[in-house]
Q: 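The structure under discussion is supplied below as structure tokens; questions concerning it will follow.
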2 protein chains.
Amino acid sequence: MPKVTLKKLAKILGISPATVSKALKNYPDINENTKKRVLELAKSLNYQPNSLAQGLRNNESKIIGLVIPEIVHHFFSNIISGVIKAAEKKGYLIIILQSNESYEQEKSHLKKLMDKNVDGILLSLSDTTTEYKHIKQVIDRGIPIVMYDKISKLISASKVIIDDQKAAFNATQYLIDTGCRKIAHIRGDLKPQTTIDRFIGYKKALAKNNIEFDASLVYNCKGLTFNEGYKIAKKIINDHKDVDGVFAFTDLVATGVLKRFRELDIHVPNQVSVMGFSDWFLTKITTPTLSTVHQPGYEMGQEAFEVLYRDICTLKKGLKIIPEIIEIPTYIVPRNSTKKLPKISK
Amino acid sequence: MPKVTLKKLAKILGISPATVSKALKNYPDINENTKKRVLELAKSLNYQPNSLAQGLRNNESKIIGLVIPEIVHHFFSNIISGVIKAAEKKGYLIIILQSNESYEQEKSHLKKLMDKNVDGILLSLSDTTTEYKHIKQVIDRGIPIVMYDKISKLISASKVIIDDQKAAFNATQYLIDTGCRKIAHIRGDLKPQTTIDRFIGYKKALAKNNIEFDASLVYNCKGLTFNEGYKIAKKIINDHKDVDGVFAFTDLVATGVLKRFRELDIHVPNQVSVMGFSDWFLTKITTPTLSTVHQPGYEMGQEAFEVLYRDICTLKKGLKIIPEIIEIPTYIVPRNSTKKLPKISK
DNA sequence: TTGAAAGCGCTAACAG
DNA sequence: CTGTTAGCGCTTTCAA
């Protein structure tokens with residue numbers, strides 16, 4: 001199947017490639033009739049412009065890169081979905097790469113994306129990234145980067161985030177409002193900022209309500225797994241018989257807690273309330289269903305693309321990017337693992 | 001940051017671009033010394049070839065397209081992950097598009113991918129696709145397509161699949177082997193082939209074991225949702241008090257069944273066994289955990305890319321593609337929603 | 001062992 | 001309104 005090129009169209013019509021190009025691009029200085037002929041022929045021959053050539057010429061690929069820590073993950077696959085949706089509207093395609101929380105991979109992925117002349121990159125930092133030279137290099141090359149979810153304050157670029165601290169504060173406050181006084185917190189690894197922020201939010205909520213912070217109520221969770229939650233639940237109960245709330249930094253862990261509590265015949269939420277974080281799909285199917293903080297992946301993905309798009313346009317106009325920080329609101333999703341709020345609202 | 005091009009390197013070194021290109025590409029007819037100088041300069045200036053130009057010249061993009069029905073889905077995100085992993089090894093990047101089970105979107109996605117000069121396409125048919133002209137067009141254009149998961153026998157292309165019929169047969173057989181005799185089947189929409197095949201597998205297993213097929217035990221499930229399972233579970237019990245097994249065509253639905261059964265105080269697996277299909281992540285966290293058929297998304301993704309890669313190479317050599325059909329094996333994952341197999345094995 | 005030249009397909013500036 | 005020309009960055013003859 002010999003490919004249909006501009007040149008060929010031109011030859012068939014007996015006009016120049018330039019004219020054909022303009023006709024196809026709806027330039028104003030083209031005879032209506034010529035334009036019609038071109039358009040018709042193009043359609044009938046099913047002409048597709050060669051985007052490689054276009055890209056080479058115009059110095060843009062209409063492709064953006066998306067670097068994601070882990071694809072098989074409810075939150076991140078929602079992000080992908082949001083990005084694709086928003087990108088589609090503007091005629092952009094998405095190349096996806098997975099960093100697996102590895103700094104090395106992140107670095108090499110950025111390189112690959114630059115090689116492919118992407119017009120911009122969406123990046124969520126890997127947990128092991130502590131240096132940012134590779135990112136600055138990309139930006140210096142004139143390829144805009146927007147960071148989402150896991151970001152660094154040390155990079156000057158647009159960002160799309162949630163306020164983990166506030167979200168965790170609200171979650172803890174919710175537990176308190178529904179009557180909990182002795183609330184354990186299961187936190188993640190020490191490093192990632194999100195984990196730290198959620199921990200701070202937890203502490204702040206306690207402080208605000210004059211509940212003394214008790215370090216022994218804070219449990220460190222190595223992996224982000226169901227099993228970790230399952231194990232820790234037992235520990236919590238052993239250590240603190242009178243605990244009445246658990247706030248886990250992520251749903252999966254909370255789910256493990258739920259399961260163990262049921263096995264231990266600890267009633268949720270009457271004896272102990274449990275609060276997760278993220279609003280993964282699975283929170284709807286546990287028994288009891290899990291109250292959690294909704295982390296809007298889809299919206300983040302959409303927003304991230306839109307910011308990036310704006311930055312791309314800014315850059316194309318030769319202007320300097322003014323980084324935007326966009327915060328996507330989160331909210332509590334009350335389900336059955338927490339008690340009802342008292343009617344008398346503040 | 002002015003980009004480093006071949007030309008620039010050539011100028012700096014006082015040699016021709018052609019020579020630089022060859023040096024970089026390890027051509028044999030280049031002076032060792034020249035080569036070294038080129039390589040060094042290239043590295044020190046961090047030269048990256050412009051892939052658009054390369055692509056234009058060599059007529060290949062080193063990008064492949066992946067059309068997926070739905071990204072936010074455990075099975076499919078595993079596929080993505082597998083594809084990316086395999087593609088990475090061969091230096092390919094992946095553009096992802098989501099069809100949302102829409103024929104129109106599928107069609108337009110294929111067009112976009114062709115426009116972007118992808119070297120090949122991985123496609124899982126949307127449920128609403130009944131015509132295949134758009135696919136044949138792509139193949140005619142010389143872009144190889146490999147279909148995975150949801151395929152059509154009417155297309156001559158390589159395919160990566162599981163044997164749904166066999167898998168469903170085994171699942172049903174497993175229920176029978178563990179003592180079930182009156183097994184309900186929750187099936188999906190009428191159209192998709194997978195649904196039909198699973199239904200056939202179910203029937204065949206009954207026949208094989210001399211259990212009479214009873215159409216009233218087959219329930220049609222509109223959506224692929226937890227709620228559907230939840231609703232249907234009640235119906236099953238109302239219609240058939242003595243049912244002792246349920247085989248759902250997908251895990252999510254089975255999970256809904258599990259939940260409703262618990263509410264109805266129907267013991268799983270002692271009174272009724274429940275078997276799902278897919279081995280989604282969530283099957284490990286339900287109560288009881290859900291026995292299911294493992295559907296290996298990651299492996300399918302890897303395999304799909306590899307077949308596509310072979311087809312791309314074949315085509316590049318000017319040979320004709322001989323379609324391969326690759327079947328990825330499935331297996332039963334026994335968990336706690338089914339009874340144990342009797343010790344005396346056949 | 002090197003380089004000049006042509007061209008992949010498209011577009012933009014400019015001339016007619 | 002249309003066409004000529006030049007060139008994006010790279011590769012590949014082919015001649016030197």
Side-chain angles (χ1 to χ4, degrees), chain A residues 1-39 41-42 45-63 91 114-119 141-142 316 318, chain B residues 1-39 41-42 45-63 114-119 141-142 316:
Chain A
M1 306 298 107
K3 269 172 221 136
V4 192
T5 67
L6 265 192
K7 231 194 249 176
K8 240 170 247 166
L9 293 187
K11 211 175 189 177
I12 295 176
L13 292 169
I15 58 181
S16 85
T19 309
V20 177
S21 172
K22 284 186 195 163
L24 255 17
K25 282 272 150 62
N26 239 325
Y27 270 55
D29 59 348
I30 292 288
N31 182 305
E32 266 308 318
N33 193 262
T34 315
K35 194 192 288 184
K36 211 161 77 186
R37 285 176 53 214
V38 170
L39 255 32
L41 186 67
L45 259 52
N46 196 17
Y47 166 74
Q48 315 273 19
N50 181 330
S51 70
L52 255 21
Q54 278 179 324
L56 178 58
R57 185 63 233 245
N58 304 335
N59 213 14
E60 66 164 16
S61 61
K62 289 280 187 179
I63 295 181
M114 283 172 62
D115 288 5
K116 274 285 176 286
N117 297 70
V118 295
D119 294 344
R141 270 272 203 119
K316 217 179 335 186
Chain B
M1 305 295 108
K3 270 173 219 132
V4 193
T5 66
L6 265 191
K7 232 194 247 176
K8 240 169 248 165
L9 294 186
K11 210 173 186 178
I12 295 176
L13 293 170
I15 57 180
S16 83
T19 308
V20 178
S21 171
K22 285 184 195 164
L24 256 18
K25 283 274 150 61
N26 239 324
Y27 270 56
D29 57 348
I30 291 288
N31 183 303
E32 266 308 319
N33 193 261
T34 317
K35 194 191 290 186
K36 209 160 79 184
R37 286 176 52 214
V38 170
L39 254 32
L41 186 70
L45 259 53
N46 196 19
Y47 166 74
Q48 315 272 21
N50 181 328
S51 70
L52 255 22
Q54 277 180 322
L56 179 57
R57 186 62 233 241
N58 304 334
N59 213 13
E60 66 165 15
S61 60
K62 288 278 185 183
I63 295 180
M114 283 172 64
D115 288 6
K116 275 285 177 284
N117 296 69
V118 296
D119 295 344
R141 269 272 203 120
K316 218 182 327 188

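Note on naming: letters A, B, ... go to the chains in the order of the sequence lines (proteins, then strands), and numbering restarts at 1 for each one.
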Q: Do L45(A) and L9(A) come close enough that some side-chain heavy atom pair is under 4.5 Å?
A: yes

Q: Test your reading of the model: is there a side-chain donor-acceptor pair from S51(A) to the backbone of D115(B), 3.5 Å cut-off?
A: yes

Q: Looking at dT2(C), dT2(D), dG9(C), which one has an atom nearest to any side-chain atom of L56(B)?
A: dG9(C)

Q: Rounded to whole angstrom units, what separation is found between the NZ atom of K22(A) and the P atom of dC14(C)?
A: 12 Å

Q: Between dT2(D), dG9(C), dC10(D), which one does the side chain of Y47(B) approach most closely?
A: dC10(D)

Q: N26(B) has an atom CG; how far is it from atom P of dT12(D), in whole Å?
A: 14 Å

Q: Take atom CG of L52(A) and atom P of dC10(D), then tell me their distance rounded to the nearest Å.
A: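 So the CG-P distance, L52(A) to dC10(D), works out to 13 Å.
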
Q: From dC10(C), dT2(C), dG3(C), pick the nucleotide closest to the side chain of I30(B)?
A: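 From the listed options, dT2(C) comes nearest.
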
Q: Side chain of Q54(B) only, heavy atoms from C-beta on: which candidate in dC10(D), dA4(C), dT2(D) is closest?
A: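 Nearest to the side-chain atoms of Q54(B), counting from C-beta on, is dC10(D).
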
Q: Nearest-nucleotide wise, let me know which of D29(B) and S21(B) is further upstream toward the 5' end of DNA chain D.
A: S21(B)

Q: Send over the distance from N59(B) CG to dC10(C) P, rounded to a whole Å.
A: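 Between P of dC10(C) and CG of N59(B): 12 Å.
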
Q: Could you tell me the separation between the CG atom of N58(A) and the C1' atom of dG9(D), rounded to a whole number of Å?
A: 14 Å

Q: Indicate yes or no: at least one non-hydrogen side-chain atom of T19(B) is less than 4.5 angstrom from one of I30(B).
A: yes

Q: Measure from the side chain of N50(B), starting at C-beta and using heavy atoms only, and say which of dG9(D), dC10(C), dC1(D) lies closest.
A: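 So the nucleotide nearest the side chain must be dG9(D).
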
Q: Considering just the side-chain nitrogens and oxygens of K35(A), establish if one lies under 4.0 Å of OP1 or OP2 belonging to dC1(D).
A: no

Q: Taking all non-hydrogen atoms of both residues, which atom of A10(A) and which atom of P17(A) are closest, and how far apart?
A: CB-N, 3.5 Å

Q: Would you indicate whether the side-chain heavy atoms of D119(A) and I63(A) approach each other to under 4.5 Å?
A: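 Not touching, per the 4.5 Å side-chain cut-off.
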
Q: Report the residue (Q48(A) or P17(B)) whose heavy-atom-nearest nucleotide on DNA chain C is the more 5′ of the two.
A: P17(B)

Q: Select one nucleotide: of dC10(D), dC10(C), dT4(D), the one nearest the side-chain heavy atoms of T5(B).
A: dC10(D)

Q: Atom OH in Y47(B), atom CG in L6(B): separation rounded to 0.5 Å?
A: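 Rounded to the nearest 0.5 Å, the OH-CG separation comes out at 3.5 Å.
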
Q: Strictly below 4.0 Å: does T34(B) bring a side-chain N or O up to OP1 or OP2 of dT2(C)?
A: yes

Q: Does T19(B) make a side-chain N or O approach to OP1 or OP2 of dT2(C) shorter than 4.0 Å?
A: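 No, because none of the side-chain N or O atoms of T19(B) sits under 4.0 Å from OP1 or OP2 of dT2(C).
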
Q: Nearest to the A18(B) side chain among dC10(D), dC10(C), dA5(C), which nucleotide is it?
A: dA5(C)

Q: Whole angstroms only, please: what is the CD-C1' distance between E60(B) and dC10(D)?
A: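 Those two atoms, CD and C1', are 13 Å apart.
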
Q: Taking atom P of dA6(C) as reference, at what distance in whole Å does atom NZ of K7(A) sit?
A: 13 Å

Q: Report the nucleotide, chosen from dC10(D), dA12(C), dT2(D), that has the shortest atom-to-atom distance to any side-chain atom of Y27(A).
A: dA12(C)

Q: In this structure, how many angstroms lie between the P atom of dC1(D) and the CD1 atom of I15(A), rounded?
A: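 Rounding to the nearest Å, CD1 of I15(A) and P of dC1(D) are 14 Å apart.
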
